[in-house]
Amino acid sequence: MKTDFLTGKPEETQEIAKKFAQELAGGEVLALFGDLGSGKTTFMQGLAKGLGIKQRIISPTFILQRSYKVKSSQEQGIKHLHHLDLYRLKGKRDIQGLSLSELFRNDSVVAIEWADKIKDLLPQQHIEIHFTYVAEEVRRIQFFKKHE
Ligand code: ADP
Ligand code: MG
């Protein structure tokens, strides 16, 4: 798969996420990096669509985590999408409240905005997705597979 993209509008970012979602098998941890407004949540909306989730993904900024039921095809076998947004994560207590180890399961996809805040707690094998603001409507999206 291509791993470096430039998108020219939000819909293009969502389209990339949608295609990416179709390649997931379950058990993946997606660590999203990038400044505010770089397109992480926009990407999540496409990812959710790609997993067949009908609910609109909103940024769970105040509650850190939101889970969605996935009605994916048999071969995909994904039951849950856990969306974390750690922008407002403060201390250790907040991290414990997330019960991370329960989220990292084979039937789930975990996607974490501001993953840099829990970098040490990510499973060794994960996928980093970096978002960069290039211009008003242009974003760069880069995928890096870690430890495969
Ligand atoms: P983050 O979650 O990283 O803070 P958001 O996805 O919430 O970022 O916000 C990105 C903003 O940038 C949205 O208002 C979106 O409409 C806008 N935008 C403009 N161009 C793009 C693009 N190519 N890809 C993604 N978002 C874009
Ligand atoms: Mg966001």
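For ligands, and for the atoms within them, numbers begin at 1 and follow the listed sequence. Worth saying up front: this structure is predicted, and the values here are computed from it rather than measured.
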Provide the full list of side chain to side chain donor-acceptor pair (under 3.5 Å) pairs with a residue in residues 18-37, sequence neighbours left out, each pair given once.
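For residues 18-37, and leaving out neighbouring residues, there are no side chain to side chain donor-acceptor pair (under 3.5 Å) pairs at all.
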Indicate if the distance from the Mg ion (ligand 2) to the nearest N, O or S atom of T41 falls below 2.8 Å.
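It does: T41 brings an N, O or S atom closer than 2.8 Å to the Mg ion (ligand 2).
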Please check if a non-hydrogen protein atom sits closer than 4.0 Å to atom 14 (O) of ligand 1.
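So atom 14 (O) of ligand 1 lacks protein heavy-atom neighbours under 4.0 Å.
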In ligand 1, which numbered atoms sit nearer than 4.0 Å to a non-hydrogen atom of [X]?
| X | value |
| --- | --- |
| E136 | 19 (C), 20 (N) |
| G37 | 1 (P), 3 (O), 4 (O), 8 (O), 9 (O), 10 (C), 11 (C), 12 (O) |
| T7 | 22 (C), 23 (N), 24 (N) |
| L36 | 4 (O) |

Test of understanding: clusters of I, L, V, M, F, W, Y form through side-chain heavy atoms closer than 4.5 Å, transitively. Do V134 and F131 belong to the same one?
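Different clusters.
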Under a single-linkage definition using a 4.5 Å side-chain heavy-atom cutoff for Ile, Leu, Val, Met, Phe, Trp and Tyr, are L121 and L84 assigned to the same hydrophobic cluster?
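Yes, one cluster joins them.
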To make sure I understand the geometry: which N, O or S atom in E113 is closest to the Mg ion (ligand 2)?
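Atom name of the closest N, O or S in E113: OE1.
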Backbone of K9 reached by a side-chain donor or acceptor of E137 within 3.5 Å:
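No.
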How long is the gap from NZ on K117 to CG on D85, to the nearest 0.5 Å?
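Taking NZ in K117 and CG in D85, the distance rounds to 9.0 Å.
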Taking 4.0 Å as the limit for heavy-atom contacts, which would you say applies to T13 with ligand 1: side chain only, backbone only, both, or neither?
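Side chain only.
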Looking only at heavy atoms, is any part of E113 under 4.0 Å from ligand 1, and if so is it the side chain, the backbone, or both, or is it neither?
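Within the 4.0 Å criterion, E113 contacts ligand 1 through side-chain atoms alone.
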Would you mind finding which of R140, E137, R139, K40 brings a heavy atom closest to atom 18 (N) of ligand 1?
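It is R139 whose heavy atom sits nearest to atom 18 (N) of ligand 1.
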Parallel, tilted or perpendicular: ring planes of F43 versus F20, cut at 30 and 60 degrees:
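Taking F20 first and then F43, their aromatic rings sit tilted (interplane angle of 30° to 60°).
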Side chains of residues 98-115: which donor-acceptor partners sit under 3.5 Å, not counting sequence neighbours?
from : atom 1 : to  : atom 2 : distance (Å)
E113 : OE1    : T41 : OG1    : 3.0
E113 : OE2    : T41 : OG1    : 2.8
E113 : OE2    : H83 : NE2    : 2.7

Does D35 reach ligand 1, in the sense of a heavy atom lying below 4.0 Å from it?
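Judged by the 4.0 Å heavy-atom criterion, D35 does count as contacting ligand 1.
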